[in-house]
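Please read these numbers as outputs of a predicted model, since none were measured by experiment.
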Amino acid sequence: MRSDEVTHINPDSNINKTMKYAKFILPILGISLILGTVVIALSIATLVKVNKKADEILYNSEKTIITSKAAQPSESTLAASIRIDEVMTYLNELQRIATASNGTRAVNTHGFNATLDYIVNYLTANTNYKVNKNYFYVRDFAIGSNPTLSSSINGVHKSYNYSVDISAADFYYVKYSTSANFSNNMQLTAIPNVGCTDDDWKKAIPPPEGRVALLKRGICSFREKGLLATKYKVAAILLYNDGISPDRVSPLEVSLAQDNTLPALFLSFPVGQALANAAIDLSTKATVQLSIHAKDLPHFPVGNICADTPTGDPTKTIVIGSHSDSVTAGAGINDNGSGSAANLGLAVTLARLFRSPAYPKYKYRVRFCWWGAEEIGLLGSEFHVKQAKTANAVGERLSDYLVNLNYDMLGSPNYMFGIYDGRTARNDTPPQALPGSNKITALFRDWFIRNKLPWDYTDFSGRSDYGPFLAEGVVAGGLFSGADDIKTQKQRDRYDEILGQGLGGISGIIHDPCYHRACDSIQNINLFGYEKMVQAAAYVLEFLGHEDDLKTWLYPSGARH
């Protein structure tokens with residue numbers, strides 16, 4: 001928290017002047033105050049009308065595409081029944097697990113395995129769902145010795161600092177990097193923009209083949225950058241931070257794909273930008289030397305959990321997903337304990353309601369899933385979708401899935417009410433998944449509007465566990481409260497205006513200042529924002545569950561994945 005600057009004034013030096021001119025100034029100030037009040041009042045009245053009209057234009061321009069008779073319920077029973085205090089007990093248990101496990105719930109740790117046990121045991125004790133834990137194997141990674149990096153720019157040699165304390169490091173290793181020992185000077189090329197498109201790579205000067213490519217953080221995942229680097233046959237990858245805020249300067253602990261074949265390091269913003277500037281200036285002779293020693297380790301098992309309602313058509317399944325692992329650095333209570341706990345809350349509350357004859361059961365089976373190894377590349381959801389593509393058993397086939405709703409980070413302290421925007425799906429998304437995904441976007445948006453809450457669209461390019469489903473033509477959607485993107489002044493003001501002064505958060509800092517850090521603990525949850533996100537998730541699940549013909553509603557053309 002920043003303290004305001006205070007200017008101190010000597011009253012003795014000014015009091016005589018103040019008294020001397022008071023009789024002249026006060027009448028003028030009074031008249032000015034009256035005129036100012038009138039102007040402000042007129043301005044406010046005008047702004048109210050303008051804002052009202054703007055809201056009407058916004059709402060009409062994105063007029064809801066929901067035509068179901070269930071589209072405008074006065075209240076959602078599921079949303080009203082879910083208890084945030086109960087959901088918070090789940091989060092507290094995840095914190096307890098992490099605290100007892102060296103502060104982490106990352107895969108291949110006791111904390112992750114204890115997380116799975118907790119979810120399975122709780123579901124077994126509190127629902128009548130069919131609960132399954134399914135394991136897949138993941139390649140382990142470690143470095144055998146500290147990597148090295150040095151540069152030569154116009155004959156000036158510089159060595160860079162590696163440290164396990166990332167805040168003190170110039171660079172850090174990248175998970176699933178291959179080994180390398182480039183003792184000769186390797187030439188550099190800086191990829192324009194952030195290296196997320198073929199066009200970026202084709203515009204690189206000099207061409208990237210055989211060179212060490214510099215890639216700034218941004219837009220697409222590091223895995224996607226790595227795949228493009230492989231396509232364009234670079235010798236190695238030097239990723240670097242973007243420096244757009246103080247917390248985006250140090251190196252990051254990131255991961256490439258498990259089958260990556262390139263050596264890679266992650267640089268701080270100052271180091272990366274200096275090398276990129278040198279590489280862009282063709283009159284400068286810029287080279288690097290680097291060494292990486294990656295150890296071969298045995299693969300290790302990671303678990304997915306799925307729990308199915310005992311009623312509902314298994315050939316028409318609603319999948320609710322969240323990832324259960326944290327990063328190595330911390331407990332991951334927001335990322336993604338918040339999604340995991342919300343998922344558990346939805347499952348248990350729905351089971352309670354289904355016990356009541358007054359609550360109509362859904363025509364559709366609901367499958368609640370907790371994916372493993374999201375933090376190292378969406379591995380759990382990718383494994384599940386791959387298995388479903390070849391499955392023959394009824395209810396296990398990909399064709400049995402109508403929609404995937406994804407909840408990954410719902411309680412960010414400097415939150416936004418983020419809704420995945422179906423219109424921003426990747427260009428290669430199967431077209432049959434787009435109409436339904438846009439309807440899911442509208443469902444969430446309409447809930448926030450009806451509850452007089454602000455909302456934002458957020459990117460839908462496949463960077464969380466909905467990605468593998470969407471890529472195979474399954475309708476998808478979900479919520480996201482923000483990670484390392486910055487809350488703008490405009491966004492803060494809009495939230496303040498709707499929620500009340502001081503409730504819109506802090507502009508100029510990221511939505512979750514503890515994103516992928518040790519401080520992502522139970523104190524890292526904004527309770528107000530979290531509760532609204534959980535309620536929105538409950539509303540959408542209930543809406544879909546009560547839809548008369550969900551398959552046709554989601555896939556109006558009749559085409560399926």
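Of the possible donor and acceptor atoms, none in the side chain of S356 sits under 3.5 Å from a partner among the backbone N and O of R352. Put simply, the side chain of S437 gets close to the backbone of A476: a donor and an acceptor are under 3.5 Å apart. In this structure, the side chain of K216 does not engage the main chain of N193 through any donor-acceptor pair within 3.5 Å. Without hydrogens or angle criteria, D496 side chain to G502 main chain gives a donor-acceptor distance under 3.5 Å. D520 places a side-chain N or O within 3.5 Å of a backbone atom of N334 that can act as its donor or acceptor partner. Judged purely by atom type and a 3.5 angstrom limit, Y364 uses its side chain to pair as donor or acceptor with the backbone of L550. Panel note: side chain T552, backbone D549; no donor-acceptor pair is recorded below 3.5 Å. One N or O on the side chain of S481 and one on the backbone of S412 form a donor-acceptor pair closer than 3.5 Å. The backbone N or O of L346 lies less than 3.5 Å from no partner atom in the side chain of T349, so there is not a single donor-acceptor pair. No side-chain donor-acceptor contact under 3.5 Å links T328 to the backbone of A106.
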Discussion item. Would K532 and N451 count as a side-chain contact (heavy atoms from CB on, under 4.5 Å) here? Give the steps.
Written reply: CA-CA 9 Å; K532 299 307 178 187; N451 284 275; over 6 Å; no

Worksheet entry | CA sep, side-chain torsions, deciding dist, call: D199, T197, side-chain hydrogen bond (donor to acceptor under 3.5 Å, both in side chains) | CA-CA 5 Å; D199 191 52; T197 66; 5.1 Å; no

Worksheet item: Does the side-chain contact (heavy atoms from CB on, under 4.5 Å) test come out yes or no for Y515 and D247, once each step is laid out?
Response: CA-CA 10 Å; Y515 176 62; D247 59 321; over 6 Å; no

Worksheet entry | side-chain contact (heavy atoms from CB on, under 4.5 Å) between I522 and M88, intermediate numbers included | CA-CA 9 Å; I522 195 66; M88 288 302 296; 4.1 Å; yes

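Distance check: E374 CD to N304 CG gives 12.0 Å after rounding to the nearest 0.5 Å. The OG atom of S507 sits 4.0 Å away from atom CD of Q489, with the distance rounded to the nearest 0.5 Å. The CD atom of E542 sits 12.5 Å away from atom CD of E547, with the distance rounded to the nearest 0.5 Å. From L544, atom CG reaches atom CG of L443 across 6.0 Å, with rounding to the nearest 0.5 Å. Between atom CG of residue L252 and atom CG of residue N241 there is a gap of 4.5 Å, rounded to the nearest 0.5 Å. Remark: Y90 OH to D85 CG distance equals 9.5 Å, nearest 0.5 Å.
The closest side-chain heavy-atom distance from L379 to V138 is below 4.5 Å. Counting heavy atoms from C-beta on, the side chains of F417 and F444 never come closer than 4.5 Å. Counting heavy atoms from C-beta on, the side chains of Q491 and H511 come closer than 4.5 Å. Between L503 and F528 there is no side-chain heavy-atom pair separated by less than 4.5 Å. Side-chain contact between F222 and F266: present, with at least one pair of heavy atoms (C-beta onward) separated by less than 4.5 Å. Looking at Y118 and L344, their side chains come closer than 4.5 Å, going by heavy atoms from C-beta outward. Between P413 and P513 there is a side-chain heavy-atom pair separated by less than 4.5 Å.
The two residues L470 and A433 come nearest to each other via the heavy atoms CD1-CB, 4.0 Å. Closest approach of V385 and E472 over heavy atoms only: CG1-CG, 3.7 Å. Across every non-hydrogen atom of D456 and R494, the tightest pair is OD1-NH2, 2.5 Å. The shortest heavy-atom contact between A425 and T429 is CB-OG1, 3.7 Å. The heavy-atom pair separating N336 from Y407 by the smallest distance is ND2-O, 3.1 Å. The heavy-atom pair separating N404 from D465 by the smallest distance is OD1-O, 4.1 Å.
Judged by a 6.0 Å distance limit and a 45° cone about the ring axis, K231 is not positioned over the six-membered ring of W201. The cationic group of K386 does not satisfy the cation-pi geometry with F136, failing either the under 6.0 Å distance to the six-membered ring centre or the 45° limit from the ring axis.
Screening residues 359-389 for disulfide (SG to SG under 2.5 Å), with sequence neighbours left out, gives C306-C369.
In this model, a donor atom of one side chain and an acceptor atom of the other lie less than 3.5 Å apart for H323 and D335.
Crowding of K133 atom NZ: a count of heavy atoms from other residues, nucleotides or ligands under 6.0 Å exceeding 12.
Aromatic ring centres of Y466 and F460 lie closer together than 6.0 Å. Checked against the 6.0 Å centroid criterion, the rings of W455 and Y457 qualify as a close aromatic pair. The aromatic ring centres of F354 and Y362 sit less than 6.0 Å apart.
Of the residues N121, L123, D117, the one that meets the side-chain contact (heavy atoms from CB on, under 4.5 Å) test with I119 is L123. Between R367 and the choices D308, D313, D400, the salt bridge (charged side-chain N to carboxylate O under 4.0 Å, His left out) rule is met once, by D308.
Partners of W371 by ring-ring contact (aromatic ring centres under 6.0 Å, His included), not counting sequence neighbours, listed by chain and number: H384, F469. Listed by chain and residue number, R426 satisfy the salt bridge (charged side-chain N to carboxylate O under 4.0 Å, His left out) test with E224 (two or more places apart in sequence, or in another chain).
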